[in-house]
There are 2 protein chains.
Amino acid sequence: MTAPSRRERLRAATIAEIKQAARRRLVDHGPAAISLRAIAREMGMTAPALYRYFPSLEALVTELVADLLDEMTDSMEAARDAEPEGDIRARLYAVTRAFREWAITHRPEFTLIFANPLPSLGHPNTRRDPRQPDCLAGTRYGDVFARLFVELWQRRPFPVPSREELPPGLLAQLDRYRELTGTPLPTGALYVFLSCWVRLYGMVALEVFGHLHFALDEIEPMFEAEVARLARRLHLDPPATIR
Amino acid sequence: MTAPSRRERLRAATIAEIKQAARRRLVDHGPAAISLRAIAREMGMTAPALYRYFPSLEALVTELVADLLDEMTDSMEAARDAEPEGDIRARLYAVTRAFREWAITHRPEFTLIFANPLPSLGHPNTRRDPRQPDCLAGTRYGDVFARLFVELWQRRPFPVPSREELPPGLLAQLDRYRELTGTPLPTGALYVFLSCWVRLYGMVALEVFGHLHFALDEIEPMFEAEVARLARRLHLDPPATIR
DNA sequence: ATCCATAGTTAACGCCTGTAACTTAAGTAA
DNA sequence: TTACTTAAGTTACAGGCGTTAACTATGGAT
């Protein structure tokens, strides 16, 4: 646990600068512009030097994705913590809106994270290694939603499907997930959680990918309407303030 | 309207073969493997020859996307037409399931269509030209859903939010969309349509992109549960057979 | 003062898109 | 049939890419 040496500090700074340059290229020139040569050029270096810091372009992108997920999670947590601790309703709204806000103000980054858009990520839809940093970061942002959801359930339980109402195949999987995570939520609430996540993701992804522009050009009112419907489903209105 | 000349036939066949090779590379080796040289190699040609048929790689990919959308639409229409004409419930179920079925049996293609994953598509989230073939094809598959939805509404109207219940900003946009398309649906039903589309898309996209594997490994039961909930929302159960 | 790991370099291989200039073959008109 | 035109293909090349190998300079530790 000694203080980092001068070498280590310089190295960390260089790594940060590389990822910064990569992100700048992503934002300014699209995902295809993330290239070692271009990054090195921006930094006044040559491309092979970057191999001292990352074993490959793909590894660099993977770390960048993890950083972006962390940043998104941070902004969601900040929005949550700006609301009083007892006001779960306000906190859920805040986190939900922060998710969309980050997505639409960071479209290239969101696309990189959620739609495997980079050639260097190789053939999509191959099983990922859960020990990879981007997968770990992936669980973090999910937990922000999950923890609030659990809190809401414990303080103001809402109606959820009974075990009998869930199809057996789904019930078994959700039970397994329940054991795996040790969540206090009943299985039916897990289903509701996933269902809400599907709608939130669908809404934001469709907006970012531009697949709602055939009908709407300003998506926010539709988003707010959907969030309000989600809130009603969770019996979140009227305000669920406690204490 | 004369019969196509020999030249024209050969040319069309070559174009088809190029797109076929491009798709084979997409499926077998991922989106990054769609390169003019690789395609030309597979066809026993040289890369510059392909410029006789497409002005650029990007144009080729755009046409491929349009073809894939058409194929997806065809399979949805086939599933629809396999059900009796009067049984709207069965037809809606069939189209919905066909959408998912095509997506999960054609994951690379679905990803290419719905998540801008290709470098050659350039910077994502720039406004597309609606005259582009892929945008035209995009409206076709939406119409499959839309027409059934209208038919259902006309024969078995379901509850929809009143104009007063919709936030003004959303109402105005939906009214404009209503005029633009001349649909017989009331504005509230348009909202329900979009809302259903969001949930269906969210479910399928999350499955294809692998963002549900943190909880589930077999997604079909969850999909069926969500579809059942959508059906209930449309008062689709019990069976809405007519005639 | 010496040694060595680290961070950088240049050179090269084999991909890639895209353009220019050239050849060949087919279709068309005199 | 011959001559002209055009389409479809070729090679050559410019410039960008990831990655490896071999080499150099330099800062820190012994």
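Just so you know, these numbers use all the heavy atoms, side chains as well, and skip hydrogens, waters and symmetry mates. Proteins get letters first, then strands, A, B, ... in listed order; numbering begins at 1 in each.
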Could you write out each protein N or O paired with an N or O of nucleotides 25-28 of chain D at a distance under 3.5 Å?
| unit_1 | atom_1 | unit_2 | atom_2 | d |
| --- | --- | --- | --- | --- |
| D:dG28 | OP1 | A:Arg6 | NE | 3.1 |

Are B:Glu224 and B:Arg97 ion-paired here, with the side-chain N under 4.0 Å from a carboxylate O? yes
What is the distance from CD of B:Glu58 to C1' of C:dC16, rounded to the nearest Å? 16 Å
Are A:Phe149 and A:Phe145 near enough that their ring centres are under 6.0 Å apart? no
Pick the nucleotide of DNA chain D nearest each of B:Arg52 and A:Leu36; which residue has the one closer to the 5' end? B:Arg52
Minimal non-hydrogen separation, B:Met203 against B:Leu212, with atom names: CE-CD1, 3.8 Å
Between B:Ala205 and A:Tyr201, the two heavy atoms sitting closest are CB-CE2, 4.0 Å
Validation row: A:Arg100, A:Glu220 side chains within 4.5 angstrom (heavy atoms): yes
How is B:Thr14 classified with respect to the nucleic acid when contacts are heavy atoms under 4.0 Å: base, sugar-phosphate, or nothing? nothing
Quick one about B:Tyr191 and A:Glu226 (side-chain donor to acceptor, distance below 3.5 Å, no hydrogens or angles considered), yes or no? yes
A:Tyr53 has its side chain closest, among D:dG9, C:dA7, D:dT19, to C:dA7
In numerical order, the residues of residues 16-25 of chain B whose heavy atoms come under 4.0 Å of DNA chain D are none
Would you kindly give the CG-to-C1' distance between A:Leu10 and C:dT6, to the nearest whole Å? 11 Å
Hey, can you pull the residues of residues 39-51 of chain B with a non-hydrogen atom under 4.0 angstrom from DNA chain D? B:Met45, B:Thr46, B:Pro48, B:Ala49
Acceptor/donor pairs from residues 19-27 of chain A side chains to any protein atom, 3.5 angstrom cut, sequence neighbours excluded:
| unit_1 | atom_1 | unit_2 | atom_2 | d |
| --- | --- | --- | --- | --- |
| A:Lys19 | NZ | A:Glu63 | OE1 | 3.1 |
| A:Lys19 | NZ | A:Asp67 | OD2 | 3.1 |
| A:Arg23 | NE | A:Glu109 | OE2 | 3.1 |
| A:Arg23 | NH1 | A:Glu71 | OE1 | 2.6 |
| A:Arg23 | NH2 | A:Glu71 | OE1 | 3.4 |
| A:Arg23 | NH2 | A:Glu71 | OE2 | 3.0 |
| A:Arg23 | NH2 | A:Glu109 | OE2 | 3.1 |
| A:Arg24 | NE | A:Glu42 | OE1 | 3.1 |
| A:Arg24 | NH2 | A:Glu42 | OE1 | 3.0 |
| A:Arg25 | NE | A:Ala33 | O | 2.8 |
| A:Arg25 | NH1 | A:Glu42 | OE2 | 3.2 |

In a table with atom names and distances, give each donor-acceptor pair under 3.5 Å that connects a side chain of residues 76-83 of chain B to protein atoms at least two apart or in another chain.
| unit_1 | atom_1 | unit_2 | atom_2 | d |
| --- | --- | --- | --- | --- |
| B:Glu77 | OE1 | B:Arg140 | NH2 | 3.3 |

Among residues at least two apart in sequence or on other chains, which ones pass side chain to side chain contact (heavy atoms under 4.5 Å, CB included) with B:Gln173? A:Leu216, A:Asp217, A:Glu218, A:Pro221, B:Arg176
Quick one: which of C:dG18, D:dC23, D:dC17 gets closest to the side chain of A:Ala38? D:dC17
Taking every non-hydrogen atom, the tightest pair across A:Leu92 and A:Thr96: O-OG1, 2.7 Å
Quick one: are the ring centres of A:Phe99 and A:Trp197 less than 6.0 Å apart? yes
C:dA5 P sits how many Å from A:Glu8 CD, rounded? 16 Å
D:dG18 phosphate, OP1 or OP2, under 4.0 Å from A:Arg37 side-chain N/O: no
Without decimals, in angstroms, what is the distance between B:Arg11 CZ and D:dT6 C1'? 12 Å
